[in-house]
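Please read the structure below before turning to the comments.
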There are 2 protein chains.
Amino acid sequence: MARHKKELVNVEKATEVTAGRRLSGKVSLWIGFLLIVAMPSVTSAIQPDAEYLVREKQFGDQWAAEDKQAQEKLAALEKKFGKKPNIIFILADDIGYTELGVYGGGKVRGAPTPKLDQMADDGMKFLSFYSEPSCTPTRAALMTGRHPVRIGILGPIFPGTVGLGLVDEEVTVAEILSKAGYTTGMFGKWHIGGEEEHYPTNQGFDEAIWSEGNPPWWGFNSGVKRTDNAGYTDMGGLVWSPAPENFAYDTGGILRGKKGEKPEIVAPFSMDLYNTMDTDTADDVIDFIERHAKSKNPFFAYYAGKGNHFWGANPKFMNQPAGTNNSAQMAEHDHNVGRVLEKLKELGIAENTLVVWMSDNGPMYPMHPHGGYSLLTGEKGSTYEGGVRVPGIVWWPGTIEADQDPIDIVHVTDMFTTAASIAGVKNEIPNDRVTDGVDQTALFLLGEGKSRRDYIFLYERDNLAAVRKDQMKFRTTPVKPNVFSFFNLYHDPAERFVDEVRYGLWSGPGMRKMIQDHQEMIKKFPHRVQKAYLREYGPSDHGFDPEK
Amino acid sequence: MARHKKELVNVEKATEVTAGRRLSGKVSLWIGFLLIVAMPSVTSAIQPDAEYLVREKQFGDQWAAEDKQAQEKLAALEKKFGKKPNIIFILADDIGYTELGVYGGGKVRGAPTPKLDQMADDGMKFLSFYSEPSCTPTRAALMTGRHPVRIGILGPIFPGTVGLGLVDEEVTVAEILSKAGYTTGMFGKWHIGGEEEHYPTNQGFDEAIWSEGNPPWWGFNSGVKRTDNAGYTDMGGLVWSPAPENFAYDTGGILRGKKGEKPEIVAPFSMDLYNTMDTDTADDVIDFIERHAKSKNPFFAYYAGKGNHFWGANPKFMNQPAGTNNSAQMAEHDHNVGRVLEKLKELGIAENTLVVWMSDNGPMYPMHPHGGYSLLTGEKGSTYEGGVRVPGIVWWPGTIEADQDPIDIVHVTDMFTTAASIAGVKNEIPNDRVTDGVDQTALFLLGEGKSRRDYIFLYERDNLAAVRKDQMKFRTTPVKPNVFSFFNLYHDPAERFVDEVRYGLWSGPGMRKMIQDHQEMIKKFPHRVQKAYLREYGPSDHGFDPEK
């Protein structure tokens, strides 16, 4: 809880230095180091992280053979449908790793998830899918294929924030897919910045109906007071931001717009509206699908579901055994995902549509029992497994074989690169920056064991907090001077036995080299520093030195 | 760990009073209270616990209608096969709730379980199956349909123990099924007493090949010394009992015998033999099945798998991703369960055979990472969910519908009563004592929602440590004077948020009355007091008073 609450500091206080190990000397050096030094890459058109290059050297030939096989499958499908496949990203909110029935939750949590369970049974359920530890960072990662730390986004963006969000210079999956002729639409909770520059319609989407972020913001605009009881809890626990008159821009209500145009406010904020927002968003997605299903161009839809925490439960779904807002939200979202998949089948385009479903991070325990759950240790904001290991499913009848559950490691950024690859425009990804997302087309199409990564770098804000390689997870916070903790995630998926390192299974120069190479790459391609960086996050803390 | 270690006390020290709240006045009263007062029961031939009677009053008519439907199904099957169905109990050892793939483990734990996953897919996987908290108690409960506290068995029975075990007066499932003409066989780890009276061949089994218990005992007999390294750990951590010359009887090696005859020792103790014991046991089970498949009588086989903790890994199965003894044991057992099911299909008797698979309790963490795991809180010996909520599957092609995962609460004792019911001899269960197991035939045959129980009494030794009713779990240990903790297991399956009671969802007179009625029933049908009761367990602690 303490870790999470650290994120909920007042905007006014955010300039204070809160963390301990700050290396502000390095920061100013890095801020000055804005000239991007391009690193020549022999085999990759895009610029991957260092560890990928190590693996590419080892597995390049095998990967090339797999790519050939996958491309043949895609070519056959394109011949059949006469266009590239449609792509849908569904991003659920705060749903922990063990929440769906097929992950050990569902009925066990008093909140059955029959539609998502069926989606998993009909497709590929990932057992090691990683997000970033909170809402805004995961959304930024999904849109850009890059760890949000590289973009200068380190945590949730709160209303009234100026100078922080998805900037022009970043290239989104919508922009990439547009280059392949895709019609693109965004629906739901955007939450990567509230200024015009950040709008989805200025970030590659042809059309969008969105809200800037989460329900607490709505409170300011609908006259809800701090002391009002709004469902389970009162506003006092959630409203921490300055009053609406202090906002630097209009946070609007539900915004609707087209690419490059000024959006209109289509609905004012209200609790009633928030209650049904996931269903309304699904309606918008379905409308978009219906309008573009028969078009000569493929479509890309991004459905960002309603926050599965706070209040705002749809009364129609409140009759779950668990009786919580969270269970109603889960049931509603499950129902809506089912509606989208049914629509694809009904329109006869399911076979030509890749659907990716995933959660943005783990549960939010300050709201317990209304904020989700994970049997893993850790919560939203944390890089313990509970914070970042999330449920993830891909579905593509006839192309992704049913009933698969690969243990392969996958990261949210991979969805960006894989979408570009499937659309045939991976070469449109800029190579003047590091793209963390790796192409997982072979894993999707050919099955378990084909992941292009066996590593994950896990950041908490700008601190490299943990690194996973194979089944081993290393935490950079020392348990005592110069002694670090390892977890063997096969032996201990809930990270309870911090002394795994004493078994001597995995440590030493291999991991150190991997982290050093990752840090060298950052020096070559420095993190973006946004205008509000210092005000929102304080001085940088890239503090972990593997040589210490 | 402390809780578990409490069980591993020296036999010499076991007479010491270790727990705090002892009510020895009551004890002597209860010990004297040996005359069983029969309680007349109108609608039940057997004597259930009080809470069952409350529910029977409420649901009796509905249950009668379900029973009729289930009996019609069974009658049709009997007509087809010309005999009652065969029944197989498979009891796995120390496999935590989240260990199988279908429960969220398998590959996630670096130990895939394809055969058990398939068994679950082809049958009914229980999401709320409860065992007793440790090895011997669960075995006693499975054999007698009674909470082991009623029998005077409160914890694991260690070698050299005299005057403690499954006594003549208890009636086992093998004895009951024998009355329906079943041929009965027991194979593997017996662990309900090492004296002649306790032998499976003196407890209703026509034939048996068994070991008294667990590998540490083998050490005494094979010259292994405390300081020897035997796999992951050394003997020192496990050998706590007196030397073999102090044993009151011959613990033998692998024993083989027929009903009423003196068994022979068929194999001496050795680590090599222990390594492959699960496979050897499965061989024995399969041999038994083959010999009796075509007989005019049905058979009952009890396959008690090898301990999934300690050392003793079959080298053939050591190549699991997790690389632990435990993962090898898991893989071996999974393979062997698959062999048994395949054999039933091969012999054409799968359709007429009910197979029950379950674990005896949660993981044993002192052996981590070689002693199993659960994502739930708690371990072997504890009544937190991790100790007693276990994986459980029933399989009966054509009779139990495939792909079911009821959330219905089920207890190990129910397997006893259900087996008797399916064999048509429920009336052979004695009614001069409480039988805790309820008949779950309707649940097995008609599906989710048909469990005859929505409650579980959870004992740690002779202390009623926790009670579950619906989704609420109450712990009898006060968190402060007169304040007790509740958990809503839908909200919090891992029992982390001890203050659930403040949400006011479930407390008050209902739960108190249920516990009082349970305790009144004990007064009418007092616990059996075995000869070694005081020496092994110390004075009784039935201490929780719901009025306090």
Side-chain angles (χ1 to χ4, degrees), chain A residues 96-112 117 121 125-128 232 320-324 326-327 365 368-377 379 385-386 389 391 403 405-408 448 470-471 487-494 496-497 499-500 503 505-506, chain B residues 96-112 117 121 125-128 232 320-324 326-327 365 368-377 379 385-386 389 391 403 405-408 448 470-471 487-494 496-497 499-500 503 505-506:
Chain A
Y97 180 72
T98 51
E99 289 291 74
L100 308 192
V102 289
Y103 284 87
K107 291 177 192 175
V108 172
R109 287 270 292 134
D117 294 348
D121 286 350
K125 170 184 80 169
F126 294 106
L127 298 176
S128 309
Y232 152 72
Q320 303 307 308
T324 53
N326 180 259
S327 62
Y365 287 132
H368 182 78
H370 294 277
Y373 201 80
S374 178
L375 290 177
L376 300 173
T377 300
E379 62 191 294
E385 294 292 284
R389 193 166 177 170
D403 205 21
D405 61 346
I407 189 70
D408 300 60
E448 183 157 30
D470 297 326
Q471 74 264 45
F487 299 96
N488 182 321
L489 294 178
Y490 286 161
H491 298 175
D492 184 18
R496 294 177 186 140
F497 296 91
D499 57 348
E500 283 279 1
Y503 301 128
L505 288 169
W506 219 90
Chain B
Y97 180 72
T98 51
E99 289 291 73
L100 309 192
V102 288
Y103 283 87
K107 291 177 193 173
V108 172
R109 287 270 292 133
D117 294 348
D121 285 350
K125 169 184 79 166
F126 294 105
L127 299 176
S128 309
Y232 151 72
Q320 303 307 309
T324 54
N326 181 258
S327 62
Y365 287 133
H368 184 77
H370 294 278
Y373 202 79
S374 177
L375 290 177
L376 300 174
T377 299
E379 61 189 297
E385 293 292 284
R389 193 167 178 169
D403 206 22
D405 61 346
I407 189 71
D408 300 61
E448 183 157 30
D470 297 326
Q471 73 265 45
F487 298 95
N488 182 320
L489 294 177
Y490 285 162
H491 298 175
D492 183 19
R496 294 178 187 138
F497 296 91
D499 57 348
E500 284 278 1
Y503 301 128
L505 286 169
W506 219 93

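Below, chains carry the letters A, B, ... as their sequence lines are ordered, and counting in each starts from 1. Every value quoted in this text rests on a predicted model; they were computed, and no experiment measured them. Values reported hereafter were calculated over all heavy atoms of this structure, with side chains retained and with hydrogens, waters and symmetry mates removed.
Scanning for ring pair (Phe, Tyr, Trp, His ring centres under 6.0 Å) contacts around Y490(A) gives an empty result, with sequence neighbours left out.
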Given side chain to side chain contact (heavy atoms under 4.5 Å, CB included), test V108(A) with Y97(B) step by step and report yes or no. CA-CA 12 Å; V108(A) 172; Y97(B) 180 72; 3.5 Å; yes
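By number of non-hydrogen pairs under 4.5 angstrom with chain B, the leading residue of V102(A), D405(A), T324(A) is D405(A). For the set S327(B), S374(B), G105(B), the count of heavy-atom pairs under 4.5 angstrom toward chain A peaks at S374(B). Counting heavy-atom pairs under 4.5 Å between each of A494(A), P493(A), A111(A), G101(A) and chain B puts P493(A) at the top. Your options are G104(B), S128(B), A322(B), and the one with the most heavy-atom pairs under 4.5 Å with chain A is A322(B).
Between H368(A) and Y373(A), the ring planes are tilted. Angles from 30° to 60° get that label.
Not one N or O on the side chain of Q320(B) forms a donor-acceptor pair closer than 3.5 Å with the backbone of G110(B). Between the Y103(B) side chain and the K125(B) main chain, no donor and acceptor come within less than 3.5 Å of each other.
Within the 4.5 angstrom heavy-atom criterion, no atom of E385(B) approaches chain A. For chain A, the nearby part of L489(B) is the backbone; its heavy atoms alone come within less than 4.5 Å.
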